[in-house]
Amino acid sequence: MLKEKQRKHMTETYQPHAIEVKWQQRWDETKLYRAKVDWDKPKHYALTMLPYPSGDLHIGHWFAMTPSDARARWMRMKGYNVLFPMGFDAFGLPAEQAAISRNIHPWKWTYANIERMREQLRSMGAMFDWEREAISCTPEYYKWSEWFFKRFYEHGIAYRGSALVNWSESLQTVLANEQVIDGKDERTGQPVAHKMMEQWFFAITNYADELLDFDGMDWPESIKIMQTNWIGRSEGARATFRTAASASGGDATSNAEGAPNDDAASNAESAYGRAGGSSPTESSGHPIEIYTTRPDTLWGATFMVLAPEHDLVDVITAEEQREAVEAYVRQTALETEIERMVEDRERTGVFTGAYAINPVNDEAIPIWIADYVMITYGTGAIMAVPAHDQRDFEFARAQALPIRVVIQPEGMTEPLRPDAMSEAYDGPGVMVNSDAMDGSVSTFAKGRANPAINRVIDWLEETGKGEEAVNYRLRDWLISRQRYWGGPIPMMYDGDIIIPVPDEDLPVLLPEDVDFMPTGRSPLTYHEPFFKVNETVRRETDTLDTFMCSSWYQLRYLSPDLDTAPFDAEEAAYWLPVDVYTGGAEHAVMHLLYTRFFNKVLRDIGVYADAAEAMRRHGRDPDGAFDEPMIVLRNQGQVLGAERQGDFVLCSGRLIGGKMLAERVEVVDWNQVPAGFAGVFGEIAHRTENVLHVNMAGVTQFVEVLPEAETIISDIPGANNVNQLRHHLDIQRMSKSKGNVVNPDELVAKYGADVVRCYLMFNFDWQKGGPWNENNIKGPQGWLHDIWEIAAAGAPTAPGDAAAERDIERKLHQTIAVINRGLEDFSFNTAIAEQMKFKNSFKATLRDGAIGAEMWRDVMSQVIRLLAPFAPHIAEEIWARLGWEYSVHTQRWPQYDADKAREEMVDLVVMINGKPRETITVAVDIERERAQEMALASGAAQRSLGGQAPKRTIFIPGRNGSDPKVNIVV
RNA sequence: GCCUCCGUAGCUCAGGGGUAGAGCGCUCCCUUGGUAAGGGCGAGGUCAUGAGUUCAAAUCUCAUCGGAGGCUCCA
């Protein structure tokens, strides 16, 4: 009976599906992955970006999550108490679009998707603790998003303000700057327009400086650089120009036509004359503040430019210029961001008829408006220094405005002449034409580090003409959206008065009984029971940007069911901060910047106070623990679609005007072209409907397949048609429209989850990604198969060979070292490759009959534990079959032993003039004298020396695995 | 235009001053009682190009070429 069973066990092949489902259930039942606070154990919070419930799990989710899971499992086996939660970022536009186009309520659509994706996520065999699941669209969750909003409002972080915002016509909502890429909406790729609107903002700019500090954060350099660039800190000065009393007043040159075009005079004492001692009175001049990073060029300002949207445009424009100015303003308003950003476009602008007094030299200069000055950056007004700024230079040339050199280039003996310049000079030099500042040395350095800038800033401050200033490219985070499917903003209005919804009334619930009409407006705006609080009070109908929900989800996982606070302080004290965060780099300046900001606000408004107190009670120092939400960040790359060869076709028909009208198309092998074939043949490079673009020896031939044509594809049985012809597909992103998506469910059905996991980890550099190639799945499949076979064969009965066993032990420990390093560095591919290598050695040694039973069991016990994080199901199954205690996933990770990994004998390499010539087997710890002696005595050395003494002998001791060498220079 | 990363076998990738590596693929052979398979042998690389440093460069430096990503009237 027992014998029978034993035999069955021996011959059973690896059948992934049965064991995977079995163990997933067992893990659930035994709550194997439940993570609980345990102050006696070190904690590890591993977090992977939560998915949007779009309907189906994509292979990209597997690629992002399963390696993260392997690493979390490894940490757990190393003795950490690991939290690895999962949830859904469930508010957002696709649900609302589905509601409109398919008449299904967003709740239903979203929940159905979540149900489905939970099952798919389960099939990964990941160690998610599902009891900690958080879903951002539930009232239990968004109650706290609203609560945070109120706290932000109370602390002046959330405010309602009027600003030029990004309006997406296609989405019918405003968007944050971070969600606009190249002037287009990040989601749909549709152009975005600028609109002046009153909206809710978060004052992320208050934190600009702190967000630039990445101290103590182990984040990819590229992300830190992207965030730094996005914040865009620059140093310089602010100065206030005042409008001249009138264009004709003072000594200013009167020129109603616009600006003078006397280029030759531009380097003269003054282009327009000076206002002289009679500077404009306070009442006569409107202050126009400018920001510049080059205060050392203030004396070179020959005109000013305001953004067309600037408040003062209307005020200062002279009557005779009003028509032209207004026309220009209107035209600019119609332009989208994209049109305005096109490079090399003509520099357009209009003179306002007004002049401004340059505070440094009291000179009157004309004020223009032009679209190259952005209202959203700096003060929306610039002093134009055409000699030293390329944009101003181009504008000056286009509008025939004067140019004055105020930095004499370094190393140039002759004075730089404006009329000889073909571009602005922005290099180092000496200040000239700048009154008392002449002679100051300007370098490439920015801010105060530049001596000239430093001196000018001091002077500006002493004379009260300006001051040192720091400017940021970062704008405040626009948080309101004119959409339905988002968290309600807990605010009400009584006329102009803003009334926060009382805490006890939170959450403001999203009404369900709304009509989804394709009007582009949020259903909330015509849902009276929602927005009408009473006769005078109206509720806010805008909703929260979904990025707000995902800015704090790592906190909700701590206690997803808690209804008295956003998170439990005891849990937070133990688990926070997130130790390792993984996800896509596409969130560099969106989610990853927002969540850092959000966390800092929470810290500053005291949301972490209780958690800090709990930390102290447990003897952990809370200092700095809440400065950053995620300590280590790693981004996975992207799995791309596979390259595909197009079908090779023989087409016959008649040629008309360089195009073939084909009556017959046959798919063949490239080498099966009949001799003397007269038609078109080659690979299908592209196909649109029934027109084939055939690559015939490098030349594209067009073939129109006639409706009645015969199509023969021998691989596809039955009658074929033109739609079955496959065209060439380059490596590119996976997308439904390209038909190159890979469905993980199908892969799991075909190979099993463990094989898919291992394939994803093995075949790509995780942080880089790459093209899909299902052929390569055979590698990991064969590996797991072999492990299974080795286990199924059972322990050998013959006694082992001591030397061979020692060799295997050494290799095993060398392997452990590589796996540890691979997991530590997110180099999952190397960790698996090393295990494959070890398996090969072990298998070969087993075949030689050199492994004894005891050794076999010892090696297997370690091999299976090493395998467990990568292929959790098969590891669990083999572990159980070998009779060991449940579960392999709670076992201790094999301990690396450097002594066991050490080689005893190594090859001493004898090199002659740097070229290896011979090897001698020696002890690892061979000393210099002995090694050199042996090398000089070697045949190779004797031959090349020919009795002469060597010029030089260099000994290189072997270290970490490399062989010792002796280089003999002859 | 600027910034970051990267060019190693047919493919996907390790390595990294000291003998050029892995998996897949490929050739040939064996097995056909693990069979939508197994085993064995093997071929295949000027480490993108050029210069420099060194006893020694795939590795370090510089330049060039090529690729990927990001930023871009940022005053």
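The analysis underlying the following values was restricted to heavy atoms, covering all of them including side chains, and did not include hydrogens, waters or symmetry mates. Model, not experiment: these values are computed from the prediction. All chains are named by letter (A, B, ...) in the order of the sequence lines, taking the proteins before the strands, and each is independently numbered beginning at 1.
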Report all interatomic pairs (protein N or O, nucleotide N or O of nucleotides 42-46 of chain B) with separations under 3.5 Å.
none

5'-most contact on RNA chain B: A:H785 or A:N967, nearest heavy atom basis?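 On the 5' side of the pair lies A:H785.
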Identify which nucleotide among B:C55, B:C3, B:A75 has an atom closest to any side-chain atom of A:R952, counting heavy atoms from C-beta outward.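 For A:R952, the side-chain atoms sit closest to B:C55.
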Examine [N]: is either OP1 or OP2 under 4.0 Å from a nitrogen or oxygen in the side chain of [X]? Give yes or no.
{"X": "A:R391", "N": "B:A75", "result": "no"}
{"X": "A:Y291", "N": "B:A75", "result": "no"}
{"X": "A:R233", "N": "B:C74", "result": "no"}
{"X": "A:K224", "N": "B:U4", "result": "no"}

Contacts of type salt bridge (charged side-chain N to carboxylate O under 4.0 Å, His left out), residue [X], not counting sequence neighbours:
{"X": "A:R928", "value": "none"}
{"X": "A:R821", "value": "none"}
{"X": "A:K839", "value": "A:D786"}
{"X": "A:R238", "value": "A:E289, A:E467"}

Nearest whole angstrom, please: distance from the P of B:C3 to the CG of A:N229.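 Computing the A:N229:CG to B:C3:P distance gives 11 Å.
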For a quick check of understanding: with a heavy-atom distance under 4.0 Å over all strands, which category does A:G769 fall into, base, sugar-phosphate or nothing?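 Touches sugar-phosphate only.
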Sugar-phosphate, base or nothing in reach of A:K750, heavy atoms under 4.0 Å: nothing
side-chain contact (heavy atoms from CB on, under 4.5 Å) involving [X] - partner list, sequence neighbours excluded:
{"X": "A:P780", "answer": "A:C758, A:Y759, A:F762, A:M836"}
{"X": "A:A396", "answer": "A:F303, A:P386, A:L401, A:I403"}
{"X": "A:H17", "answer": "none"}
{"X": "A:N471", "answer": "A:S234, A:Y291, A:Y377"}

Students often mix this up, so state it plainly: with edges at 30° and 60°, are the rings of A:W766 and A:F63 parallel, tilted or perpendicular?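 A:W766 and A:F63: tilted rings.
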I need a per-nucleotide contact map over nucleotides 22-34 of chain B, read 5' to 3'. Cutoff is protein heavy atoms under 4.0 Å; write B for the base, S for backbone only, - otherwise. SSSS--------B
For A:W219, enumerate each residue passing the side chain to side chain donor-acceptor pair (under 3.5 Å) test, keeping only those at least two apart in sequence or located in another chain.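 Scan of A:W219 (side chain to side chain donor-acceptor pair (under 3.5 Å), adjacent residues dropped) gives none.
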Anything below 3.5 Å on both distances counts as a pair; with that, list the stems of at least three consecutive Watson-Crick or G-U pairs involving RNA chain B. B:1-7 with B:65-71, B:10-13 with B:21-24, B:28-30 with B:38-40, B:48-52 with B:60-64
